[in-house]
Amino acid sequence: MKNVLVAKILYEIADLLEMEDVEFKPRAYRKAARSVEALSKPIEQVSAEGKLDELPGVGANIAKKIVEIIETGSLKYYEELRKRTPVDLEGLLSVEGIGPKTVKLLYTRLGVKSLDDLERAARLHKIRMIKGLGSKTEENILGSIELARSKKERVLLGSALPIAERISEGLKEAIAADGIVIEVEVAGSLRRMKETVGDIDILATCMQPRHVLDIFAAMRGVRKVLDKGETKCSVLLEDNMQVDLRVVEEKSFGSALMYFTGSKDHNIAMRRIAMEKGYKLNEYGLFNDTVQIAGRTEEEVYKHLDLDYIPPELREDHGEIEAAKKHELPNLIRYGAIKGDLHTHTKWSDGLQTIEQMAQAAEDIGYSYIAITDHYSRMKIARGLTELQLRNQMKQIDQIDGKLSGIRVMKGAEIDIRKDGSLDARKELLKELDVVVASVHGTFKQTKKEMTNRIISAMESGYVDVIGHPTSRKIGEKKPCEIDMERVFETSKRTQTYLEINSQPQRLDLDDANVRLALEFGCRLAVNTDAHNHEQLKNIRLGVAIARRGWAEAEDIITTQPLINLMKTLRKS
DNA sequence: GCCGTTTTCGGCCCGACTGTTTTCAGTCG
């Protein structure tokens with residue numbers, strides 16, 4: 001599956017062309033790249049079927065280039081562009097505030113090719129000497145460069161999860177084909193559903209550990225075997241992700257799973273409890289002297305320590321052990337509990353699919369409602385709709401909704417919260433919508449107080465149902481805005497304006513800590529995907545994971561409610 | 001380089017903000 005590679009090259013061509021002041025082509029390449037990225041099947045398959053030019057944004061020329069990438073792993077056109085400006089484009093562009101034009105400028109004037117070069121140039125105050133740049137730019141670069149570097153070290157949950165699942169499924173299938181019984185589980189921070197992970201840990205139990213390790217080391221996608229022993233094998237995948245596989249005896253599977261799931265702090269606390277009871281806990285089991293009294297499953301280990309079972313998402317030593325002791329753990333929202341999505345986009349604004357396609361996809365995953373909330377903006381953010389366009393869309397949604405019986409399609413919009421906290425839409429228009437999502441786009445350089453008031457104003461307007469991606473953070477790219485969250489939570493509760501848990505892999509905003517705090521304030525939240533294509537509707541599990549990590553129960557999340565209850569919850573019903 | 005019930009050629013999103021500038025380029029969403 002070369003989708004990621006193809007998309008990456010197309011994106012980079014766009015940046016390279018932009019560097020050279022080429023007009024319009026960058027946009028064309030980006031559109032094609034997004035199409036490839038959104039694809040659920042291998043690009044090779046689409047190519048083999050001769051259907052590349054059916055992808056939105058892919059014409060004869062780009063199709064030809066994609067074929068070349070599939071066949072050779074690279075692209076002459078791309079290599080030539082790179083030769084003209086041989087820099088670590090991806091790295092340099094990951095610095096906030098630096099775009100293709102600045103990369104070009106820094107390269108031609110200072111020979112900056114890498115993040116290290118950039119940092120050196122900034123420290124030596126060479127950047128401020130360039131016409132068009134200044135001391136402020138230099139300071140900003142130094143401020144963002146660490147963040148840009150750290151991005152490489154951890155991978156988004158949303159990226160790592162499918163890789164881990166593919167590997168564990170592949171392993172199961174390969175072993176099963178040999179007629180051998182195997183049990184495989186993903187462990188580590190990935191199992192705890194942390195928003196980013198450093199590597200992938202997989203645990204297996206099998207009577208023939210060596211056979212499992214051999215198959216694992218020879219799997220497709222493995223670039224390098226880092227080390228391989230009797231029970232453990234570490235490999236580096238083609239995309240630089242490290243995967244560790246451990247094979248343990250069946251009688252130790254539960255305790256090993258606990259041990260390798262962590263967190264470290266949770267494990268330490270657990271071992272202390274075992275000690276207090278006169279036992280010993282390690283990855284091989286729970287022991288009374290030398291006799292193993294538990295270890296086959298996690299459940300029996302917790303039980304023998306007089307604790308309720310603690311779901312992996314809670315294992316951070318943030319009070320979960322005390323709660324488990326007192327039988328006060330939350331009844332966490334289940335992964336399948338979501339009944340609908342209140343934040344989605346279509347090709348009317350910057351999405352990829354039609355309203356029908358999004359609604360159909362939502363119905364297919366078992367939802368009973370979906371709100372179409374394309375960007376609406378008087379300032380044309382992300383191809384926002386005009387009032388006339390939105391009214392046309394509303395008519396079309398009504399027609400589509402009339403035709404579909406299995407799912408309710410709701411009229412909505414994502415409205416920009418302007419700098420002064422006012423909504424970028426006429427109130428009369430908002431009244432006609434079923435769902436109003438209001439979000440901050442463009443965080444400027446506002447103070448904490450200004451930003452807090454900006455969001456609170458929107459909540460107090462009386463026209464907003466959901467605040468979209470409340471802190472505007474992007475993991476590894478953009479820090480969350482400084483906001484007085486407690487004031488926001490208080491207002492959310494008072495005005496019954498629901499804060500979103502945005503399920504986009506790079507957002508996950510609110511984050512787990514804020515979710516937990518919001519719940520303490522008595523807020524209810526909305527888990528949405530902000531999907532820009534139908535595949536992204538499936539990101540909902542990431543949002544639910546964050547809800548679980550924030551100790552949320554189903555009742556805390558309005559999108560678990562059936563339609564009739566939801567309508568009572570929203571203000572415009 | 002792509003695309004089309006107003007077009008197969010001529011458009012293609014655009015406004016705000018920042019940091020640099022004396023009127024604007026680059027970045028962002």
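Just so it is clear, the structure is predicted and the values come from calculations on it, not from any experiment. Naming: A, B, ... by sequence-line order, numbering from 1 per chain.
- Atom P of nucleotide B:dC12 and atom CG of A:D350 are separated by 18 Å, given to the nearest angstrom.
- For the contact set between residues 99-109 of chain A and DNA chain B, defined by any heavy atom under 4.0 Å, the members are A:G99, A:P100, A:K101, A:T102.
- With sequence neighbours excluded, the residues forming a ring pair (Phe, Tyr, Trp, His ring centres under 6.0 Å) with A:H345 are A:H343, A:H375, A:H532, listed by chain and number.
- Stacking between A:F24 and B:dC2 is absent: the ring centroid is not both under 5.5 Å from the six-membered base ring centre and under 30° in plane angle.
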Salt bridge (Lys or Arg N to Asp or Glu O under 4.0 Å) assessment of A:E79 paired with A:K83: CA-CA 6 Å; A:E79 297 299 341; A:K83 244 182 254 167; over 6 Å; no

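- Partners of A:R487 under the side-chain hydrogen bond (donor to acceptor under 3.5 Å, both in side chains) rule, at least two apart in sequence or in another chain, are A:N453.
- Regarding A:R34, its CZ atom lies at a distance of 15 Å from the P atom of B:dC2, rounded to whole Å.
- Two residues, A:K419 and A:H469, neighbour DNA chain B, and the one matched to the more 5' nucleotide by heavy-atom proximity is A:K419.
- The side-chain hydrogen bond (donor to acceptor under 3.5 Å, both in side chains) analysis of residues 53-71 of chain A, with sequence neighbours excluded, yields the pairs A:Y29-A:K65.
- Rounded to whole Å, the distance from CD1 on A:I141 to C1' on B:dG26 is 13 Å.
- Within 4.0 Å (heavy atoms only), A:K65 reaches sugar-phosphate atoms of the nucleic acid but no base atom.
- Computed from coordinates, the A:Y376 OH to B:dG15 P distance equals 14 Å when rounded to whole Å.
- In this structure, A:R418 atom CZ and B:dA16 atom P are separated by 10 Å, rounded to whole Å.
- Regarding contacts with the backbone of B:dC28, every side-chain N or O of A:K478 stays at 4.0 angstrom or more from both OP1 and OP2.
- Among the heavy atoms of the strands, none lies under 4.0 Å from A:A32.
- Atom C1' of B:dT8 sits at a distance of 42 Å from the matching atom of B:dT18, rounded to the whole Å.
- One P atom belongs to B:dT20, the other to B:dG26, and the distance between them is 14 Å to the nearest Å.
- Under the rule for a side chain to side chain contact (heavy atoms under 4.5 Å, CB included), the partners of A:E486 that lie at least two apart in sequence or sit in another chain are A:D484, A:L517, A:F521.
- Between B:dC9 and B:dC14, the distance separating the two C1' atoms is 24 Å to the nearest Å.
- For the P atoms, the distance linking B:dT21 with B:dT27 amounts to 16 Å, nearest Å.
- Comparing B:dT7 with B:dC12, their P atoms sit 16 Å apart, to the nearest whole Å.
- Counting only N and O atoms by type, the side chains of A:E414 and A:S439 include a donor and acceptor under 3.5 Å apart.
- We find that CD1 of A:I98 is positioned 8 Å from P of B:dT27, with the value rounded to whole Å.
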Under 3.5 Å, N/O pairs linking protein and nucleotides 3-11 of chain B:
unit_1: B:dC3; atom_1: OP1; unit_2: A:G57; atom_2: N; d: 2.8

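- If you run side chain to side chain contact (heavy atoms under 4.5 Å, CB included) between A:L17 and each of A:D15, A:D21, A:I13, only A:I13 comes through.
- In this structure, the side chain to side chain contact (heavy atoms under 4.5 Å, CB included) partners of A:K339, at least two apart in sequence or on a different chain, are A:S368, A:Y369.
- Residues passing the salt bridge (Lys or Arg N to Asp or Glu O under 4.0 Å) test with A:D401, sequence neighbours excluded: A:R408.
- Counting only residues at least two apart or in different chains, salt bridge (Lys or Arg N to Asp or Glu O under 4.0 Å) contacts with residues 125-134 of chain A comprise A:R128-A:E138.
- Distance A:L92 CG to B:dT27 C1': 15 Å, rounded to the nearest Å.
- Under the salt bridge (Lys or Arg N to Asp or Glu O under 4.0 Å) criterion, A:D374 pairs with no residue at all, not counting sequence neighbours.
- When the P atom is used for both B:dT23 and B:dG29, the distance is 29 Å, rounded to whole Å.
- A close approach under 4.0 Å does not occur between any side-chain nitrogen or oxygen of A:K64 and OP1 or OP2 of B:dG1.
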For nucleotides 19-21 of chain B, print each protein N/O atom paired with a nucleotide N/O atom at under 3.5 Å, atom names and distance only.
unit_1: B:dG19; atom_1: OP1; unit_2: A:N140; atom_2: ND2; d: 3.4
unit_1: B:dG19; atom_1: O3'; unit_2: A:T137; atom_2: OG1; d: 3.1
unit_1: B:dT20; atom_1: OP1; unit_2: A:G134; atom_2: N; d: 2.5
unit_1: B:dT20; atom_1: OP1; unit_2: A:G134; atom_2: O; d: 3.0
unit_1: B:dT20; atom_1: OP1; unit_2: A:S135; atom_2: N; d: 3.4
unit_1: B:dT20; atom_1: OP1; unit_2: A:K136; atom_2: N; d: 3.4
unit_1: B:dT20; atom_1: OP1; unit_2: A:T137; atom_2: N; d: 3.1
unit_1: B:dT20; atom_1: OP1; unit_2: A:T137; atom_2: OG1; d: 2.8
unit_1: B:dT20; atom_1: OP2; unit_2: A:K136; atom_2: N; d: 3.4

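- A donor-acceptor contact closer than 3.5 angstrom links the side chains of A:E500 and A:N502.
- Only the P atoms considered, B:dC2 is 15 Å distant from B:dC13, to the nearest whole Å.
- The salt bridge (Lys or Arg N to Asp or Glu O under 4.0 Å) check on A:K194 picks up nothing, with sequence neighbours excluded.
- If you take CD1 of A:I417 and P of B:dG29, they are 16 Å apart, rounded to a whole angstrom.
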